[in-house]
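Lettering follows sequence order; numbering is per chain, from 1. Quick note: numbers below take in every heavy atom, side chains included, and nothing from hydrogens, waters or symmetry partners.
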There are 2 protein chains.
Amino acid sequence: MDYQNYVQMLKAMADPNRLKIIDLLSCGSLCACDILTHFDFSQPTLSHHMKVLQNAGIVIARKEGKWQHYTLRTEFIDQFKQGTDQLLAADESCICHSDNCADCQAGHSGKVVVSNEES
Amino acid sequence: MDYQNYVQMLKAMADPNRLKIIDLLSCGSLCACDILTHFDFSQPTLSHHMKVLQNAGIVIARKEGKWQHYTLRTEFIDQFKQGTDQLLAADESCICHSDNCADCQAGHSGKVVVSNEES
DNA sequence: ATTATATATAGATATGTATCTATATTCACG
DNA sequence: CGTGAATATAGATACATATCTATATATAAT
């Protein structure tokens, strides 16, 4: 797999304000003005964030009169969860195997995640 | 829930090189020098990335002689998946409900994600 | 038509960060 | 002890981006 799309989603999500927007939209569609009431930043800043979310394929916009309605894409939810599973599963899809990895040949392959208790 | 820790994980993951490091480590522990062979950047740059991953609670380091062995934390895997589920589930944990949200009172609550087909 | 409302765009600024080179530290080994 | 190898730290630089103000656009209402 290539993680291009997944990285773009992560980048878009890796901002507290945009994460809150996603959280808000997970409850249902909202227009820009309604979203804005939940934040302290300016309207152009929201417009910027919504564009980032759209470009990452996280949100779609539907214009109705003067309102922009934003909705979470089901494809985003599916693809993001799938990307996460693929990333964190220690199976044959491991990048090493597709990379002629010397470490794999040296036996590092396999689920070797460790439960650790230090701070 | 507060997403502080989750955002920190997202930030650390939202870099193609660090994502590849996570992918490599999902196959098993590796020392810095082994990880470095998979990349074009310099050794100090790797050191920086590993610090970011550690600060985000994604990776732990165990020093053995002059080698640093890096391992994915199981807690990271659990917490990240849990955070994702919590974010994208349209249930009572929705931020609106804990925020005295006017939109919720106006009936926007509920799973309203939309399958959309435009580009 | 004019005015008000919702949103977008342009341009500036400040902060964050990914990267580099140079150097320091730590450790094994002779 | 001195040397080489693995890693970390310091400082610099370049690029990305989150934010703002000012302004433009689009639509509804009067």
Side-chain angles (χ1 to χ4, degrees), chain A residues 3-4 6-25 29-71 102-103 106 108 118, chain B residues 3-4 6-25 29-71 102-103 106 108 118:
Chain A
Y3 283 118
Q4 217 170 355
Y6 186 64
V7 173
Q8 204 186 2
M9 289 175 179
L10 286 170
K11 274 189 180 165
M13 297 168 73
D15 174 275
N17 288 321
R18 284 197 294 264
L19 198 66
K20 185 172 171 181
I21 292 171
I22 293 173
D23 204 349
L24 286 166
L25 291 177
S29 301
L30 288 172
C31 72
C33 54
D34 286 337
I35 297 174
L36 193 57
T37 64
H38 292 269
F39 295 96
D40 287 331
F41 51 61
S42 68
Q43 174 268 319
T45 296
L46 176 65
S47 204
H48 160 71
H49 284 312
M50 297 317 296
K51 185 137 293 180
V52 172
L53 290 172
Q54 286 178 78
N55 289 341
I58 293 177
V59 150
I60 56 158
R62 171 178 45 87
K63 188 156 193 173
E64 199 166 313
K66 46 185 172 179
W67 286 277
Q68 277 284 21
H69 289 273
Y70 293 105
T71 308
D103 308 313
H108 96 108
E118 47 120 43
Chain B
Y3 283 119
Q4 216 170 356
Y6 186 64
V7 173
Q8 204 185 3
M9 289 176 179
L10 286 169
K11 272 190 181 165
M13 296 168 73
D15 174 275
N17 288 322
R18 284 197 294 264
L19 199 65
K20 184 172 171 181
I21 293 171
I22 293 173
D23 204 350
L24 286 165
L25 291 177
S29 300
L30 288 172
C31 73
C33 54
D34 287 337
I35 297 174
L36 193 56
T37 64
H38 293 270
F39 295 95
D40 288 331
F41 50 62
S42 69
Q43 174 269 319
T45 296
L46 177 65
S47 204
H48 160 71
H49 285 311
M50 297 317 296
K51 185 137 293 181
V52 172
L53 289 172
Q54 285 178 82
N55 290 341
I58 293 177
V59 150
I60 55 157
R62 173 177 44 88
K63 189 153 192 175
E64 198 165 312
K66 45 185 170 179
W67 287 277
Q68 276 284 22
H69 290 274
Y70 293 105
T71 308
D103 309 312
H108 97 109
E118 47 118 44

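Taking only side-chain nitrogens and oxygens, B/Ser47 never comes nearer than 4.0 Å to OP1 or OP2 of D/dT7. Distances shown here put every side-chain N or O of B/His49 at or beyond 4.0 Å from the OP1 or OP2 atom of C/dT17. Taking only side-chain nitrogens and oxygens, A/Gln68 comes nearer than 4.0 Å to OP1 or OP2 of C/dA8.
Comparing C/dT19, D/dT19, C/dA28 against the side chain of B/Lys66 picks out C/dA28 as the nearest. Taking the side chain of A/Asp15 as heavy atoms from C-beta on, and the options D/dA18, C/dA18, C/dT7, the nearest nucleotide is D/dA18.
Straight-line distance from the CZ atom of A/Arg18 to the C1' atom of D/dT17: 8 Å, rounded to whole Å. Atom CD1 of B/Ile35 and atom C1' of D/dA6 are 13 Å apart (whole Å). Between the P atom of D/dT7 and the CZ atom of B/Arg62 lies a distance of 12 Å, rounded to the nearest Å. A/Gln54 places its CD atom 12 Å from the P atom of C/dT7, with the value rounded to the nearest Å. Look at CG on B/Asp40: it is 11 Å from P on C/dT19, rounded to the nearest Å. As a whole-Å value, the separation of B/Lys51 NZ from C/dT19 P is 17 Å. As a whole-Å value, the separation of B/Leu36 CG from D/dA6 P is 10 Å.
Using a 4.0 Å heavy-atom cutoff across all strands shown, B/His48 reaches at least one base atom of the nucleic acid. B/Phe39 comes within 4.0 angstrom of no nucleic acid atom, judged by non-hydrogen atoms across all strands.
Although no hydrogens or angles enter the test, the distance criterion places no donor-acceptor pair under 3.5 Å between the side chain of A/Lys20 and the main chain of A/Phe39.
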